[in-house]
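Heads up, the thing below is written out as structure tokens.
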Protein chains: 2
Amino acid sequence: MRKMIRQPTHPGKILKEDYLVPLSITIKDMAEILGISRKTLSKIINERGSITPDMALRLSRAFDTSPSFWLNLQKNFHLWIAEQTSNEWQKVKPIPKHILHPNSTLISE
Amino acid sequence: MRKMIRQPTHPGKILKEDYLVPLSITIKDMAEILGISRKTLSKIINERGSITPDMALRLSRAFDTSPSFWLNLQKNFHLWIAEQTSNEWQKVKPIPKHILHPNSTLISE
DNA sequence: ACAAAACGTAACCCTCTACGTTACATTGTG
DNA sequence: CACAATGTAACGTAGAGGGTTACGTTTTGT
């Protein structure tokens, strides 16, 4: 698992560029297909909203993809944000490896 | 991507059974290591709380794992809950495949 | 060019989740 | 038995997600 250097692509951008645009589906129509408000979809498309599990299920049905495809995009995005936003997590002291892996290569006793 | 038949293992159970118990670390001590309240960790352990991106980063530092390991467990759990909880997403009509994949194997015209 | 449709956004409201603190009863253990 | 660790409930705060309404701008079709 490589560390992410730059901001991962937002799910909304994928949705827009790889699905809506190529298929010539408007945001309004897509919102109707998904059974959500135009507002909610607009937020996602413009990267001010996020993919919830429920939304991932809706997208997976509409586009014949897996729900995880969408949730992974969102997960990576959220993770990147958390890395940048807070510093508290960096204060967590790693548990010493010899405690995590007692008798790895050495023979004890 | 296989469909999940039964409830995925909750991240809290993994944390408890695969880390805390084997390492003999108490919830109280672990909460201190992570820099969070005992309350919050207790909720996670007892499957009444969830792994947020920030929490995943803390766990990844403590145990030398990837943040995604924890977030994936949570993602699968949330997804399963969403599948069971609501039915609305099932009402989304799949976009016809011939629209999704215009000229796949057939020649148009 | 002009009217209609599609968009982006802001303001509000409601609901739910994450976290912390405080408090209390229960369980485990030296 | 006394103390530490736990599980939980009750509160309060903050923030996210989703809906509705409303308004101004941009696109698009005729």
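Residue numbers start from 1 in every chain, and the chains themselves are labelled A, B, ... in the order their sequence lines are given, proteins ahead of strands.
Pairs passing the ring pair (Phe, Tyr, Trp, His ring centres under 6.0 Å) check and including a residue from residues 36-61 of chain B, sequence neighbours excluded, do not occur. For residues 36-54 of chain A, every residue pair satisfying the salt bridge (charged side-chain N to carboxylate O under 4.0 Å, His left out) rule, not counting sequence neighbours, is listed here: A:D54-A:R58.
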Could you pull out the protein-nucleic contacts involving nucleotides 19-22 of chain C (nitrogen or oxygen on both sides, under 3.5 Å)?
| residue | atom | partner | partner atom | Å |
| --- | --- | --- | --- | --- |
| C:dC19 | OP1 | B:T52 | OG1 | 2.8 |
| C:dG20 | OP2 | B:S37 | N | 3.2 |
| C:dG20 | OP2 | B:S37 | OG | 2.8 |
| C:dG20 | OP2 | B:T40 | OG1 | 2.2 |

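When all heavy atoms are compared, the tightest approach of A:H10 to A:G49 is NE2-O, 3.1 Å.
The side chain of B:I27 lies closest to D:dG7 when the candidates are C:dT9, D:dG7, D:dA5.
Under the side-chain hydrogen bond (donor to acceptor under 3.5 Å, both in side chains) criterion, B:T52 pairs with no residue, sequence neighbours left out. For A:E88, the side-chain hydrogen bond (donor to acceptor under 3.5 Å, both in side chains) partners at least two apart in sequence or on another chain are A:K91. Remark: A:I14 engages A:T9, A:D18, A:Y19, A:F69, A:W70, A:L73 in a side chain to side chain contact (heavy atoms under 4.5 Å, CB included) (not counting sequence neighbours). In this structure, the side chain to side chain contact (heavy atoms under 4.5 Å, CB included) partners of A:E17, at least two apart in sequence or on a different chain, are A:K13.
Here D:dT28 presents its C1' atom at 14 Å from NZ of A:K28, a figure rounded to the nearest Å. In this entry the distance linking CD1 of B:I25 with C1' of D:dT6 reads 17 Å, nearest Å. Following rounding to the nearest Å, B:N46 (CG) and C:dT27 (C1') show an atom-to-atom distance of 13 Å. Atoms CG (A:D29) and P (C:dA5) sit 12 Å apart, rounded to a whole Å. Whole-Å rounding puts the B:R48 CZ to D:dT8 C1' distance at 6 Å.
Listed by residue number, there are no residues of residues 10-24 of chain B with a heavy-atom contact under 4.0 Å to DNA chain D.
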Tabulate below the donor-acceptor pairs under 3.5 Å that side-chain atoms of residues 23-31 of chain B make, not counting sequence neighbours, or state none.
| residue | atom | partner | partner atom | Å |
| --- | --- | --- | --- | --- |
| B:T26 | OG1 | B:D29 | N | 3.0 |
| B:T26 | OG1 | B:D29 | OD2 | 3.3 |
| B:K28 | NZ | B:E32 | OE2 | 3.4 |

